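These values consider heavy atoms only, across backbone and side chains, with no hydrogens, waters or symmetry-generated copies. Values in this document were obtained by computation on a predicted structure and should not be read as measured data. Letters A, B, ... are given to chains in the order of the sequence lines, protein chains preceding strands, and every chain is numbered from 1.
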There are 2 protein chains.
Amino acid sequence: MVDTALEDTIKEVLQQFSNHLEKTNQRKTPERFAILEEIYRRTDHFDAEALYIHMKTQSYRVSRATVYNTLELLVSCNLVTRHQFGSNLARYERAHGRRQHDHIICTNCGKVLEFCDPRIQQIKDMMGELMNFNVESHSLNLYGTCKDGCE
Amino acid sequence: MVDTALEDTIKEVLQQFSNHLEKTNQRKTPERFAILEEIYRRTDHFDAEALYIHMKTQSYRVSRATVYNTLELLVSCNLVTRHQFGSNLARYERAHGRRQHDHIICTNCGKVLEFCDPRIQQIKDMMGELMNFNVESHSLNLYGTCKDGCE
DNA sequence: ATAGTTGCAAAAGCTTTGCAGTATG
DNA sequence: CATACTGCAAAGCTTTTGCAACTAT
């Protein structure tokens, strides 16, 4: 079964990335597109190593250096977001076409769920005003444990 | 000039730590108390290395291992809190006698300010309910830039 | 042709660990 | 006096960097 919505998103995102690279005079290498596509086929919150391993075991061979470079590039053009869920390890997820959301993390089993709350935006606006800051982004993580047992 | 409120806090916190160590059958070493006191004399959001360096240049000699061990111990008994402000570097601050607060970070100059907002607690309560989680803690960071120029 | 990119391996930065020696209870 | 803790150095892990080879433009 083919997920046509996903295929459309991927097509759109690849195009958007291509435009960005063109605009900023950076090269359209196959590695960059392959990494972006791989990221959009995932639904989890992965780390750089997991992405690297997954690409290696798939059709594609890339180096760790390129994975890290491309992740940074994708974060900078808002196609991917970067998180840290309590540890020193950076985690990533696709960003395009997703509404703003935050995360709730089980410190027991590591499960990560997403939630939305409009009050965050209110807090950002109010605090920007109050502290004389241009607030550009935020990160909100709730930590706890699943009530109905972990997987 | 002596800050008597600070001295009182330190006395109280050292006592509390002492009680905790006793209760959990851990040893009251001079290094542990020296590190705790040093932390409570700081007002910033420091990393382990800065604390280590500061202790070395002061009267006290401790090893990095002991600094890391003690920080973990202090976090676990809620006398110190651990943060990550966007990077992979852990930052710490004293926790006792401070009301719950979150952070707003300037991505330009690194300045860290604190703020309180009651809506966070509401969000934690509501999401715990909604997602069937026991929410134990959270971390909210706002990122942006100072409007009136950085230091 | 000429830079920007890649891959590899080495290095860097933060944190943890193993172990022998030390000091607490 | 038993053993938990310390200090030191080595190892671990994630991420970055240097450089020669490659390739997009």
*How long is the line joining CZ of B:Arg64 and P of D:dA11, in whole Å?*
17 Å
*Hey, which of these two, B:Lys56 or B:Asn25, hits DNA chain D nearer its 5' end, going by closest nucleotide?*
B:Asn25
*Side chains of A:Gln121 and A:Asp125, donor plus acceptor under 3.5 Å*: yes
*Would you say a side-chain N or O of A:Thr29 is under 4.0 Å from OP1 or OP2 of D:dA24?*
no
*What is the distance from CZ of B:Phe46 to P of C:dT15, rounded to the nearest Å?*
12 Å
*With DNA chain C as reference, determine whether A:Tyr60 or B:Tyr92 sits nearer its 5' end, using the nearest nucleotide of each.*
A:Tyr60
*With no hydrogens and no angle check, do the side chains of B:His101 and B:Asp117 hold a donor and an acceptor under 3.5 Å apart?*
no
*State, yes or no, whether a side-chain contact exists between B:Thr70 and B:Leu74 at a heavy-atom distance under 4.5 Å.*
yes
*In whole angstrom, what separates B:Asn69's CG from C:dT16's P?*
9 Å
*Using atom OH of B:Tyr52 as one end and atom C1' of D:dC8 as the other, report the distance to the nearest whole Å.*
9 Å
*Listed nucleotide nearest any side-chain atom of B:Ser63, set C:dT15, D:dT15, D:dG7*: D:dG7
*In whole angstrom, give the distance that lies between atom CD of B:Glu31 and atom C1' of D:dC8.*
14 Å
*Quick one: label B:Gln26 by what it contacts on the DNA or RNA (base, sugar-phosphate, nothing), any heavy atom closer than 4.0 Å.*
sugar-phosphate
*Could you state the atom-to-atom distance from NZ of A:Lys28 to C1' of C:dA3 in whole Å?*
17 Å
*Would A:His83 and A:Tyr92 count as a close aromatic pair, with their ring centres under 6.0 Å?*
no
_It should be established whether A:Tyr68 places a side-chain nitrogen or oxygen under 4.0 Å from OP1 or OP2 of nucleotide D:dT16._
no
_Given the structure, check if the side chain of A:Arg32 and the base of C:dT5 hold any donor-acceptor pair shorter than 3.5 Å._
no
*Are any of B:Arg61's side-chain N or O atoms less than 4.0 Å away from OP1 or OP2 of D:dC8?*
yes
*Starting from P on D:dT16, measure out to CZ on A:Arg82 and report it in whole angstrom.*
7 Å
*Rounded to whole angstroms, how far apart are CZ on B:Arg27 and P on C:dA23?*
12 Å
*Is the closest side-chain heavy-atom distance between B:Val135 and A:Tyr143 below 4.5 Å?*
no
*Which of the following nucleotides, C:dC8, D:dA24, C:dC14, is nearest to the side chain of A:Pro30?*
D:dA24
